[in-house]
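Down below is the structure, laid out as structure tokens.
Every heavy atom of this structure was used, including side-chain atoms; hydrogens, water molecules and symmetry mates were not. In this text, all values refer to a predicted model and were calculated from it rather than measured experimentally.
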Amino acid sequence: MLNDTPNIPDPDGFYAELLGTHEGLTPEESHALNARLILILANHIGDRETLSAALEAARTSGQNTGEAS
Amino acid sequence: MTLQDRYPLAFRLYPYARSPDQDAEAPIRHPAVIVGAGPVGLSLALDLGLRGTPVVVLDDHEGVGLGSRALCFAKRTLEIMDRLGAGRDMVGKGIVWQKGRVFRDRDEIFDFDLLPEAGHEYPAFINLQQPHFERFTMEAIARAQAGGAPIEVRGKNRVDAATVTEDGATLDLMTPDGPYRIAADYLIACDGARSPVRSMLGLGFEGRVFEDNFLIADVKMTADFPTERWFWFEPWFKSGDSALLHKQPDDIWRIDFQLGWDIDREKELKPENIRARVDKMLGHSDYELDWCSIYTFQCRRMERFRHGRVVFAGDSAHQVSPFGARGANSGVQDADNLGWKLAAVLAGAPDALLDSYDAERVMAADENILNSSRSTDFLTPKTEVSRLFRNAVLDLARQHAFARPLINSGRLSLPCIYDGSPLNTADALDGPARSRPGAPCPDAPFGDGFLLQSLGGGFTLLAIGCDAPDSLEEAGAKATRLSVEPTPEIRDRYLASASAALYLIRPDQHVAGRWPEFDETALRAAMRRAMGY
């Protein structure tokens, strides 16, 4: 099951760390980092149904944003 | 219209000889005619002949062409060839291997072992050049013929036209002595990816072509690389986007280079350009070029492999990319699936039995195409984002073990488990998944030898720690009992938590059904089902 409720205790701190990790990188390097990060997190989750739900959520929420803007 | 060889021969295996059929007034009719004397056609002919089914094989050459081509022969294929009497010769000549290493640049990032358990007669893989595979099969055919097997292989017999009706086919053939005609109850097209028979019948062959070119260079040299499959992504020697090194018999080494899509084939095939790539990889030029070829990746299949009295097997029915050794191996497995069914149908079994060839081997082809397409997508990323993730996997793999199984340099051929086949009887045993109905029997030590070599080519009642009659006759077939003690390997591969088991095994050594004990009513029903009733 994909946990869709807030689950990170320190949201602002995490967000800042995520951006900080990308600091000084070219867009290309950032894309590569994101790809590695996705793979690391996906392996940690492991559960195939959850991963499928996450992929679906990422894809459809992107579409919605696109339509709204 | 005259017969011209399209390629030079490595071995002249079936020289043209005039057949009495050529002097007949009307076309002589044969139960089974196979077009194409490659690995698939010859192994099918051998299987049919050993079953006593008369078979004629036609080929437009007199032997096998030069070049290593199909090189990696898998365990299941060797087990089939063992049943047909050629497996040991092949392993005797071949290079046995089971391990692979994957490198990026100079770094090793992944290794695999394709047969980590003991107790199998045949290895995970051997490397054996296709000409030797065909030669050993032809030698087994000669031995079978000497023992009375009704097999004829007619070299320099080219099929120029095929007329198919509801009850067979008539072929127009061309020979060095001119044309003649023969008829067949069943026509089996084993005539390769560009199947002339398929074209004559106007049948489609749909799928994907991957935009990349690979160069095969077989080089002759003495070297002490281990007998492992070595694969490089973005190799330090820069001879291609990827490279593969594999040992063959007779001091020949298979080297593959990934060239990309926009290439000048003629230029790339010039010996000096091939040597430049090989020199950079090996760091010396102390070798001879033995054979070279450029190929593209293609994955496609026919919608159906059976069209009435015409059946397609091997590359004529389905084609995959070579990384994964799923071409010739799946073709021989087609032949293994088809042989006993065709022999049974010719002897009176229901026609539906042949439809199960279509169902099972289409399933196998789809599995091979899926694996092959996934490997190809990893080897030759089609988009920026697929390259991004491919490289992310390779970047992570050195330090992070989790990423290594994602590296795909070819998933090597494994036999298909025919889940859901119409010939299967529902699983009645709480046994291991690997030997469930539809699965090929796993080998195991048995007596002084091995289990599979004791199964033979008919139906078997494999009685593990339980009683069963000597044999059971049903639906025109006979199943013979083989009693086996539950050794640790048999327990692991056939029993799991069960204390005893009775397996019904098909002539192609796939499991038809399994029960905790012999139950005559259940067994008779299962045999009828496995015979297409």
- To the nearest 0.5 Å, atom CD of B:Glu384 lies from atom CD of A:Glu28 at 8.0 Å

- Message: Tell me whether B:Lys280 at atom NZ has more than 12 heavy atoms from other residues, nucleotides or ligands lying less than 6.0 Å away.
- Response: yes

- Item | Over 12 non-hydrogen atoms of neighbours within 6.0 angstrom of NE2 in A:His22 | yes

- So which heavy atom on A:Leu39 is nearest to which on B:Ala392, and how close? CD1-CB, 3.7 Å

- Message: Surrounding OH of B:Tyr295 (heavy atoms of other residues, nucleotides or ligands, distance under 6.0 Å), is the total greater than 12?
- Response: yes

- Message: Tell me if the CD atom of B:Glu303 is crowded by more than 12 foreign heavy atoms within 6.0 Å.
- Response: no

- Item | Structural part of B:Val393 lying under 4.5 Å from a heavy atom of chain A | both

- Message: So for A:Leu37, is it side chain, backbone, both, or neither that comes closer than 4.5 Å to the heavy atoms of chain B?
- Response: neither

- B:Leu396 and A:Arg36: which non-hydrogen atoms are nearest, and at how many Å? CD1-O, 3.8 Å

- Note on the structure: Rounded to the nearest 0.5 angstrom, the CG-CG distance for B:Leu388 and A:Asn34 is 8.5 Å

